[in-house]
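Only one structure is covered here, and it is reproduced in the block below.
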Amino acid sequence: MSQQKKQQQKKQSGQKPKTAIVPTRDENYAEWYQQVVRSADMAETSAVRGCMVIKPWGYAVWENIQQGLDGMFKATGHQNAYFPLFIPLSYLEKEAKHVDGFAKECAVVTHHRLEADGEGGLKPAGELEEPLVVRPTSEMIIGATFAKWIESWRDLPLLVNQWANVVRWEMRTRLFLRTAEFLWQEGHTAHATSEEAIEETLQMLEVYREFATEWLAIPVVTGEKTESERFPGAVNTYCIEGMMQDRKALQAGTSHFLGQNFSKAQDITFADQNTEIQHAWTTSWGVSTRLIGGLIMTHGDDDGMIMPPRVAPAHLVILPVLHKEETREAVLEYCEQLVKDLRAQSFDGKPIRVELDTRDLRGGEKSWQWIKRGIPLRVEVGPRDMENDAVFMGRRDRGHKEKTTVQRTEFISGIESLLTEMQDGMLQKARAHRDEHTRIIDTKEEFYAFFTPEREGDEQSPAPIHGGFAMTHFSGDEHAEETIKKELAVTVRCIPTAGQGLPGQDEPGTCPFTGQPSSTRVVWAKSY
RNA sequence: CGGGCUGUAGCGCAGCUUGGUAGCGCGCUUCACUGGGGGUGAAGAGGUCGCAGGUUCAAAUCCUGUCAGCCCGACCA
């Protein structure tokens, strides 16, 4: 088809500009998300139900997340260690609420060997005396280990983290957001006093808030979970909640004050200064590969992924224009020098990450691949630019046609501030979106209207994006919470920490659902 | 785990009702022409129709089972 015909067709079929991702966010958000994951080359489904393959471009994001968080954990005095994948069944039985929470989604290993079944296949043999559970989380096995490590008040606090995979046999899975196996970190600490453990819990919550905001450019609300949303076995669960572009909430990290529940179940005791035996106070906290899903849903647009520079696998790609044989070598040489010069610059205290894409592909196609992957900057260098000692640059946070010529030296020296500007811009944009859809609500009617779509959806055209964060007073009545969950699929995402600048948060008032007095507003939303 | 839908080439799909051993678009390979935003033309490669049974002379097509994916529900830190 000729260019002209194509143009014509576009005009006839209309109005709607061509996007790299079909459908667009407005048309079908859930489908858009899946297409972005695929088009950005971040992950794919595997032969194993509910499990994903994380591809290099997606895994590199995880590595950057790991690196950033790990530094923050170390800076707050934690050390990494590794605990077994398998947990004896009997360990899991020790904390009643904990079992209730996880029993329905555990993978269980019952055999340790395979043997021929006589029909050309294999069957499990060598039944284990005690089944092993593949860890859905490690409180029990780490607790059992802590019990051995801790004897005296001098052994406290004990501050440990592990980077690991966990398995939860989920019935409904979505790449990055909820998979049967996922990667995460889980911090586990033990303290001599309740106060100290609570302080630790809140400190790590703050680490998560800072990381989400400063690194991922995802603005989050911090707060405490209501009882119905609490981690099984915890005394208090705190969380960070982000708002995605479809205005649903994503729980992006949790930090739990476990009281003495787990230390009693696992007998984590120490002799205090008065030689009295006491149970330790423990905490646990974690974030997972779900953060990558959060990145996509916070920043992606109808042309694909947009990577915040601080966690982007690469900051920029250089696309040499290599059409004419005569100039080919000179252009390549010029590009290679540019790569060197850029790598000598730094952003975020580390060398600039540069890709030079010399693949023999047509320019437009190559360019679009990088757009879909969300690389912050695309730089084209051809004979013309070389002559002018300049580069032709496109930013992922601007329209794909909006490109500018920049002098080479200026580009190199300005790269750090440019990336910083983009990182800041992404946070501001996400924050503006969240604030725009955060509403103070004081009546039940208004609340129901807020969370009711204009029309019902079906598979072809889902209900339009609606709702957001509703800030209402709440008396904490569990029955009212349950009813709202049933009728609207809306839950209390958290009771926000004071002083976050959330609208109307800290004035006392009346709960619109029960008429009871309430001291603070809570955040309601639909959630992932 | 319940209800619905879907599995046909790398991706997206048609064919299935009315059985007769596969087709389209994109992508891929090669060549030529092109070339600063998803090219043009020509010639090719690629599929035991998710898997396993059954019915039949004959199954992508009909039946049963099973696995996987999507949506809704239940469930879920």
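FYI, side chains are in, hydrogens and waters are out, and symmetry mates aren't considered; it's all heavy atoms of this structure. Below, read A as the first sequence line, B as the second, and so on, with proteins coming before strands; counting in each chain starts at 1.
- Using a 4.0 Å heavy-atom criterion, one finds that Phe257(A) contacts no nucleic acid atom at all.
- Using a 4.0 Å heavy-atom cutoff across all strands shown, Thr173(A) reaches sugar-phosphate atoms only and no base atom.
- In this structure, G36(B) makes no Watson-Crick or G-U wobble pair, since no nucleotide meets both defining distances under 3.5 angstrom.
- Across C28(B), G38(B), C76(B), the shortest atom-to-atom separation from the side chain of Glu105(A) is found for C76(B).
- Expressed to the nearest 0.5 Å, how far CG of Leu356(A) lies from CD of Glu336(A) amounts to 6.0 Å.
- Sorted pairs that involve residues 93-108 of chain A and meet side chain to side chain donor-acceptor pair (under 3.5 Å), not counting sequence neighbours, are lacking altogether.
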Taking distance alone, no hydrogens or angles, what donor-acceptor pairs closer than 3.5 Å link side-chain atoms of residues 201-208 of chain A to residues at least two apart or in another chain?
unit_1, atom_1, unit_2, atom_2, d
Thr201(A), OG1, Ala197(A), O, 2.8
Gln203(A), NE2, Glu200(A), OE1, 3.3
Glu206(A), OE1, Arg209(A), NE, 3.0
Glu206(A), OE2, Arg209(A), NE, 3.4
Glu206(A), OE2, Arg209(A), NH2, 2.8
Tyr208(A), OH, Gln185(A), OE1, 2.5
Tyr208(A), OH, Gly286(A), N, 3.0

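- The nearest whole Å value for the distance from the CZ atom in Phe182(A) to the P atom in C76(B) is 15 Å.
- G44(B) and C5(B) have their P atoms separated by 43 Å, given to the nearest Å.
- For Arg172(A), a side-chain nitrogen or oxygen approaches OP1 or OP2 of C72(B) to under 4.0 Å.
- When Watson-Crick and G-U wobble pairs are counted only if both distances are under 3.5 Å, U29(B) pairs with A43(B).
- Across U48(B) and A43(B), the matching C1' atoms stand 28 Å from one another, rounded to whole Å.
- The CD1-C1' distance, from Ile318(A) to G36(B), rounds to 16 Å in whole Å.
- As judged by a 4.0 angstrom heavy-atom cut-off over every strand, Thr254(A) is placed among residues touching the sugar-phosphate backbone only.
- His256(A) comes within 4.0 angstrom of no nucleic acid atom, judged by non-hydrogen atoms across all strands.
- Heavy atoms of Leu258(A) sit nowhere under 4.0 angstrom from any nucleic acid atom.
- Taking every side-chain heavy atom of Gln34(A) into account, C71(B) is the closest of C76(B), C71(B), G36(B).
- Arg49(A) comes within 4.0 angstrom of the backbone, heavy atoms only, and of no base.
- Taking a pair to require two hydrogen-bonding distances under 3.5 Å in either a Watson-Crick or a G-U wobble arrangement, U48(B) remains unpaired.
- As the counterpart of U21(B), no nucleotide is assigned, since no Watson-Crick or G-U wobble pattern has both distances under 3.5 Å.
- A distance-only check finds a donor-acceptor pair linking the side chain of Arg135(A) to the backbone of Pro84(A) [under 3.5 Å].
- Listed by chain and number, the residues in a side chain to side chain contact (heavy atoms under 4.5 Å, CB included) with Val109(A) are Phe86(A), Leu128(A), Leu132(A), Val134(A) (sequence neighbours excluded).
- Judged as a side chain to side chain contact (heavy atoms under 4.5 Å, CB included), and not counting sequence neighbours, the contacts of Glu481(A) are Thr226(A), Ser228(A), Phe474(A), Glu478(A), Val492(A), Trp524(A).
- Both Leu322(A) and Ala30(A) sit near RNA chain B, but only Leu322(A) has its closest nucleotide nearer the 5' end.
- Across the P atoms, G15(B) and U29(B) are found 31 Å apart, a figure rounded to whole Å.
- Using a 4.0 Å heavy-atom distance criterion, Ala234(A) is classed as making no nucleic acid contact.
- Spacing between atom CD of Glu482(A) and atom C1' of C75(B) amounts to 12 Å, rounded to whole angstrom units.
- Looking at Ile21(A) and Ser39(A), their side chains come closer than 4.5 Å, going by heavy atoms from C-beta outward.
- Using a 4.0 Å heavy-atom cutoff across all strands shown, Arg290(A) reaches no nucleic acid atom at all.
- Residue contacts shown for Gln369(A) are absent, as no nucleic acid heavy atom lies under 4.0 Å away.
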Using distance only, find each side-chain donor-acceptor pair of residues 242-250 of chain A under 3.5 Å and give its atom names and separation, not counting sequence neighbours.
unit_1, atom_1, unit_2, atom_2, d
Gln245(A), OE1, Arg25(A), NH1, 2.6
Gln245(A), NE2, Met297(A), O, 3.2
Gln245(A), NE2, Thr298(A), O, 3.3
Gln245(A), NE2, Gly300(A), O, 2.8
Asp246(A), OD1, Lys248(A), N, 3.2
Asp246(A), OD2, Tyr528(A), OH, 2.5
Arg247(A), NE, His437(A), ND1, 3.4

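- Relative to the side chain of Lys372(A), the nucleotides C72(B), G36(B), G38(B) differ in distance, and G38(B) lies closest.
- Atom CZ in Arg174(A) sits about 13 Å away from atom C1' in C72(B), given to the nearest Å.
- If you check every strand for non-hydrogen atoms under 4.0 Å, Trp285(A) touches nothing.
- Checked against C71(B), A74(B), G36(B), the side chain of Asp385(A) finds its nearest nucleotide in G36(B).
- Judged by atom type and distance alone, Arg38(A) does not reach the base of C11(B) through any side-chain donor-acceptor pair under 3.5 Å.
- Within residues 223-233 of chain A, the residues approaching RNA chain B are Glu229(A), Arg230(A), Phe231(A), Pro232(A), by heavy-atom distance under 4.0 Å.
- Both Tyr528(A) and Pro383(A) sit near RNA chain B, but only Pro383(A) has its closest nucleotide nearer the 5' end.
- Rounded to the nearest Å, the gap between the P atom of G10(B) and that of U55(B) is 32 Å.
- In this structure, Glu31(A) places its CD atom 16 Å from C1' of C72(B), rounding to the nearest Å.
- One can place CG of Asn28(A) at 13 Å from P of C70(B), the figure rounded to the nearest angstrom.
- A gap of 36 Å separates the P atoms of G47(B) and G4(B), to the nearest Å.
- Note that the OG1 atom of Thr19(A) and the NE2 atom of His400(A) stand 10.0 Å from one another [nearest 0.5 Å].
- Using a 4.0 Å heavy-atom cutoff across all strands shown, Pro320(A) reaches no nucleic acid atom at all.
- Remark: the separation of the C1' atoms in C67(B) and C51(B) is 7 Å, to the nearest Å.
- Of the candidate nucleotides G36(B), C71(B), G27(B), G27(B) has the atom lying nearest to any side-chain atom of Glu365(A).
- The backbone N or O of Asp385(A) sits nowhere less than 3.5 Å from a side-chain atom of Asn388(A) that would complete a donor-acceptor pair.
- For the P atoms, the distance linking A42(B) with C57(B) amounts to 47 Å, nearest Å.
- Separation of the C1' atoms belonging to U61(B) and U56(B) is 13 Å when rounded to the nearest angstrom.
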